[in-house]
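Counting from 1, the numbers follow the sequence of the chain as shown. Here the structure is a predicted model, which is why all the values come from computation and not from measurement.
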Amino acid sequence: MSERNVIHNFSHEAMGTRFWIRIADEDRSYAERAAESIFYAIDELDFQVDARHDSGPLAGVNGMPDGALVAAGDHFQTLWNFSQALKEESAGAFDVTAGTLFRYWEARGTPSFNPDDAEWNKAYNDFRGAEFKLAGTEFTCVKSGAAVDFGAIIRGLAVDRIADMLENSWGIHRALIMGGGGVVLALDPPGDANGWRIGIGKDKEMNLCRFALASKSNERQATQFVDPRTGQCITLAAPVRALASGALEAAGIAMAVAVQSPSEAEELIRQGCSRGAWLPDGTALGAAMNFDLTDRPAPTPTPESTPTPEAS
């Protein structure tokens, strides 16, 4: 039996963050069974594609010597093929094999660049000389030296997977899915609403329906953005936000735009009809120009309140 105008909230820790599923206009027990089943699948996805697992498949990939190959699972194939397409579209601004560069900067702890640093030169030259190849299900390390890290986009894949399971396995279409504060995907809104209310920063919000929104914050560590084309850190003056029809695409675009120039970002956005972005200076590109950002009202506390869906 449908419960009109009721939103059920479920959350789960995975991939180093908290995922939320908000399901509207459904029987609670049915919605809860759906969420439990989906979160179980997300745990398996986490192990398969998150580089943080020392014993996971990705650790094996990054430990391969020259010429070695492994069988790539479906999730790995999806992420790799998407990443290679976006790498080409962005002219190298997005590259999931730049894991060694991110590790170098994380260990260094400061974005200041020293061209005479032998450790940096080795990491950058090894990255530039590395090569991987995916043929069918066979993933080959042609030349080692780089590290595959899907960290910038795995939450996007997880959010897309949750949406797919909600709709195609459980017949649930009125829902909002959040992967931490950085990725949001809106399906149909509750009741007669024209969209899900999504917070943008501290004082703005927007209505979202059948779109995904991903953000890259400038408030975390200073070494979180590295331009693979130069190997150097990029500092954002303000967050970057990207729109797309899917969460994986939105997450990838947000990461690429974070290191691109405004003209490069505009060209990338033009390559997809549903793509959009807000640059750090507030410039809206593509589909972002169709969305109005309105003032955000003060939150109304409830006994079972959850965090306001938000792109930080």
### Task
Go through the side-chain N and O atoms of Asn125 and Asn121 and say whether any donor and acceptor fall under 3.5 Å apart.
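There is no such pair between these side chains.
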### Query
Between Thr294 and Asp292, does any side-chain donor sit less than 3.5 Å from a side-chain acceptor?
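Asp292 and Thr294 do not have a side-chain donor-acceptor pair below 3.5 Å.
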Using atom types as modelled and distance alone, determine if a side-chain donor or acceptor of [X] lies under 3.5 Å from a backbone N or O of [Y].
X      : Y      : value
Arg296 : Gly201 : yes
Tyr104 : Tyr124 : no
Trp120 : Gly231 : yes
Arg241 : Leu213 : no
Gln260 : Ala93  : no

#### Entry: Any residue meeting ring pair (Phe, Tyr, Trp, His ring centres under 6.0 Å) with Phe10, in chain and number order, not counting sequence neighbours
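With sequence neighbours excluded, Phe10 shows a ring pair (Phe, Tyr, Trp, His ring centres under 6.0 Å) to no residue whatsoever.
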Can you name the closest pair of heavy atoms from [X] and [Y] and give their distance?
X      : Y      : answer
Pro190 : Ile7   : CG-CD1, 4.1 Å
Ala31  : Glu26  : CB-CB, 4.5 Å
Ala34  : Ile172 : CB-CD1, 3.9 Å
Phe94  : Ala256 : CB-CB, 4.0 Å
Ala175 : Leu166 : CB-CD1, 3.8 Å

### Message
I want to check something: taking the side chain as every heavy atom from C-beta on, are Phe19 and Val159 in contact at a cut-off of under 4.5 Å?
### Response
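In short, these two side chains touch, coming nearer than 4.5 Å.
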If you measure from [atom1] on [X] to [atom2] on [Y], what distance do you get to the nearest 0.5 Å?
X      : Y      : atom1 : atom2 : result
Asp281 : Thr283 : CG    : OG1   : 3.5 Å
Phe82  : Leu248 : CZ    : CG    : 4.5 Å
Asp117 : Arg108 : CG    : CZ    : 5.5 Å
Ile253 : Leu285 : CD1   : CG    : 11.0 Å

### Message
Applying salt bridge (charged side-chain N to carboxylate O under 4.0 Å, His left out), can you list everything that pairs with Asp43, at least two apart in sequence or on another chain?
### Response
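So Asp43 forms no salt bridge (charged side-chain N to carboxylate O under 4.0 Å, His left out) with any residue.
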### Message
The criterion is side chain to side chain contact (heavy atoms under 4.5 Å, CB included); which residues satisfy it with Asn207, sequence neighbours excluded?
### Response
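Listed in chain order: Asn194, Arg197.
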### Task
Hey, could you give me each pair passing ring-ring contact (aromatic ring centres under 6.0 Å, His included) that has a residue in residues 244-267? Not counting sequence neighbours.
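Sorted result for residues 244-267: empty, none.
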### Task
Provide the full list of ring-ring contact (aromatic ring centres under 6.0 Å, His included) pairs with a residue in residues 272-293, sequence neighbours left out, each pair given once.
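Non-adjacent pairs meeting ring-ring contact (aromatic ring centres under 6.0 Å, His included): Phe211-Phe291.
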#### Entry: Sole candidate of Glu266, Glu89, Glu267 that passes salt bridge (Lys or Arg N to Asp or Glu O under 4.0 Å) when paired with Arg275
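Between Arg275 and the candidates, salt bridge (Lys or Arg N to Asp or Glu O under 4.0 Å) is satisfied uniquely by Glu89.
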### Query
Below 4.0 angstrom, N of the basic side chain to O of the carboxylate: do Glu264 and Arg229 qualify?
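A salt bridge is present here (some side-chain N lies under 4.0 Å from a carboxylate O).
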### Task
Could you check whether the rings of Trp80 and Phe76 sit parallel, tilted or perpendicular, using 30° and 60° as the cut-offs?
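Judged by the thresholds at 30° and 60°, the geometry between Trp80 and Phe76 is parallel.
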### Message
Considering only residues two or more places apart or on different chains, which pairs with a residue in residues 126-149 satisfy salt bridge (charged side-chain N to carboxylate O under 4.0 Å, His left out)?
### Response
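Qualifying pairs, neighbours excluded: Lys122-Asp126.
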